Number of protein chains: 2
Amino acid sequence: MLTERQLLILRAIIDDYIQTAQPVGSRTLSKRDDLSFSSATIRNDMADLEDLGLIEKPHTSAGRIPSEVGYRYYVDHLVETKIIDERATYHLGERLRASAQESEVLIRQAADLLSDLTNYTTVALGPNSQMNRLARIDLMPLDERRGVVLIVTDQGHVEHRTVVFDSPMAPDVVEQTVRFLNNRLKGTPLGQLKLRIGEEVSKLHLAHQEQFEFMMQLIQSTVGVHHPASLYLGGKKNIFNQPEFQTLDTLRPFLEWIDEQERLTDWLESLPNREIYVSIGSENGIVALQNCSVITSDYTLDGQTFGTIAMIGPTRMDYRHGVQMMGQIIEALRRTKLEE
Amino acid sequence: MLTERQLLILRAIIDDYIQTAQPVGSRTLSKRDDLSFSSATIRNDMADLEDLGLIEKPHTSAGRIPSEVGYRYYVDHLVETKIIDERATYHLGERLRASAQESEVLIRQAADLLSDLTNYTTVALGPNSQMNRLARIDLMPLDERRGVVLIVTDQGHVEHRTVVFDSPMAPDVVEQTVRFLNNRLKGTPLGQLKLRIGEEVSKLHLAHQEQFEFMMQLIQSTVGVHHPASLYLGGKKNIFNQPEFQTLDTLRPFLEWIDEQERLTDWLESLPNREIYVSIGSENGIVALQNCSVITSDYTLDGQTFGTIAMIGPTRMDYRHGVQMMGQIIEALRRTKLEE
DNA sequence: GATTAGCACTCGATGAATATGAGTGCTAAC
DNA sequence: GTTAGCACTCATATTCATCGAGTGCTAATC
């Protein structure tokens, strides 16, 4: 167990290192107001903290820097996560509300806002449309050989795709098919739509059966396309200001990783569902993010579970501030009503 | 006027420098098979070329590197632009054709392909929907307070926006409005749509005038949103392999610039309409691209003018290869029929 | 027993001095 | 007009000494 003083010192080392990105030495610490011990005393405690694996030295004659274990301890014991600053949250809410009544714009704004507040990079995953329910499906001929399939959900989400016919479609068949599908499928979650269309087709025997089935296929194929949830990146260039990313060796993997939209989406979707979760350094298991920490949280908007937002910074990130801002943003989103 | 030998030397210097990114000296050149002169002779010609501003030396004891003027001369006189390799073009066409019948996917593929072929970064601007003509407009209520405005064009392009009502909309008014708008506006170019809606509204006197006008406004506001043409980036990480972008000072402006989608779009749209145009170094007038050259070209797809594609590399880019590949890609696109 | 002063020691960072070598410009010979 | 020869330049790499922040240990002090 750590003594009171060791705790103070650990906290001081991490706070200091977070600010300066420089190893911190015993003399520097002894000059702080909240640490009125001699540098020798601090050195002794530092040696203990090092034995416990909480801090480490880059080399003999440098100061100490926190280890990942140290950060973990800091985050788990020394960062208070639950305190919501009502005023600040309200203020954030105002800034979000001002932006839009459309959810996609709102999420983008939230991502930008969070990265502005923290100077880290943020990634926000929008609503997964698979849970949306079908409001209307439509097939609209453009000319003899092409048409547009439109799918609108109860949340106002729209998917569309241009399709090509082998032969002209009879307008009445199109209309009939569309009406039929709408009657049968309204309210179906998008995720089940493809399956459901298949079921409906098999139940049927109609005139124009052939054309009918062909259209069904077209529509089905539209639904089948993997429509990834919308992804927003905020403050990508913040990374350039981080001292640990001033060399290509560190910068390149990060930038390459963050530009890979699909991988990013998969990663965000794979995160455990929690309110606020901090993953430190190599904990996240991603090689490109070895030297990064991530604060993630699911968020709700207007009462409904919506998506995930993540904040990525160097391992030496300001966890206290980051966690607080994250908390305020998701609280502000939670309180935001879509219909203004 | 340049002598035959000076031309040979200029070409050799540029070819060599493009390959190695190192200043090239007289001794290196004299060892080439196609330059059977002594290093002293070459030095004399180099001095002349330098006087003409075609090459320059980074410092006294280094070799020569091409100046922007030199590159300009090289591109204008020593790169043949019109030769299309039928086989290669056909092959590219096949690779594109395999990908999709949907234009947006196709453009994305073309951008990726071009960056794969050249190892430079490419940017492609999709069709500008402002020229598309309205095929259908629709307003679809989701619940009492929200609806989706849908706009579909003759090219299969879809725009949509969620709108909020103050009060519930009567279904028959909605239907009436939509029918009216479709009758009047079908075939209108998207760019003029907003204006035209305004005109139509002012001509009218109907029951439900108020709700009617309100809807019109909603639809108008949807159209008014600046919907940028679709933009695709290919091979962004190629920049990491360029020796001139191995330091943050050079890399950062480039990456920050290329990530700014809106600015990129404006820039591409502002380019002069031409088949293939090469802009060298500071010619492009963009600070972030001081040390870059750009090969741009408008392209057509399936006969219709479509958009712009650009290839961005260091000033020391392989112009010959770049221009050739660009030519092949736009030729392949031109020959691609959308309906497969 | 806990704290602190004192001191030898470590080791990265900084900077001056030096060596290296690729490349040039000029001159004189071919 | 071309080439060999040579003095000169200058960025780069290397070596070496110095500096100083920081440590660990020991002995004195509270």
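Keep in mind that what you see is a predicted model, and the values were worked out from it rather than measured. To find a chain, count down the sequence lines: A is the first, B the second, and so on, and within it residues start at 1.
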Nearest to the side chain of B:Thr41, which nucleotide is it out of D:dT23, C:dA5, D:dT2? D:dT2
Look at B:Asp259 together with A:Lys237 and state whether they make a salt bridge at an N to O cut-off of under 4.0 Å. no
Does a side chain donor of either A:Tyr74 or A:Arg320 reach within less than 3.5 Å of an acceptor in the other side chain? yes
Among D:dT3, C:dT4, D:dT23, which nucleotide has an atom closest to any side-chain atom of B:Asn44? D:dT3
In whole angstroms, how far is the C1' atom of C:dG25 from the CE atom of B:Met46? 12 Å
Starting at CD of B:Glu50 and ending at P of C:dG25, how long is that distance when rounded to a whole Å? 6 Å
Without decimals, in angstroms, what is the distance between A:Ile42 CD1 and C:dA2 C1'? 15 Å
To the nearest angstrom, how far is A:Asp45 atom CG from C:dT4 atom P? 11 Å
Selection: residues 52-70 of chain A, any non-hydrogen atom under 4.0 Å of DNA chain D: A:Lys57, A:Thr60, A:Ser61, A:Ala62, A:Gly63, A:Arg64
Just wondering, more than 12 heavy atoms not from A:Glu80 lying within 6.0 Å of its CD? yes
Look at A:Arg5 and C:dA2 and indicate whether a side-chain polar atom (N or O) is within less than 4.0 Å of OP1 or OP2. no
Salt bridge or not for A:Glu256 and B:Lys236, using N-O below 4.0 Å? no
Spacing between A:Arg43 atom CZ and C:dA2 atom P, to the nearest angstrom: 18 Å
Could you verify whether a donor N or O on one side chain and an acceptor N or O on the other, from B:Asn291 and B:Glu244, lie under 3.5 Å apart? no
Please check if atom CZ in B:Arg72 has more than 12 non-hydrogen atoms from other residues, nucleotides or ligands closer than 6.0 Å. yes
Under 3.5 Å, is there an N or O donor on one side and an acceptor on the other linking the side chain of A:Arg27 and the base of D:dG22? no
B:Asp48 CG to C:dC26 P, straight-line distance once rounded to whole Å: 12 Å
Protein-nucleotide distance (B:Gln22, atom CD; C:dG21, atom P), rounded to Å: 17 Å
Parallel, tilted or perpendicular, judged at 30° and 60°: which one describes the rings of A:Tyr319 and A:Tyr71? tilted
To the nearest Å, how far apart are B:Leu29 CG and D:dT3 P? 14 Å
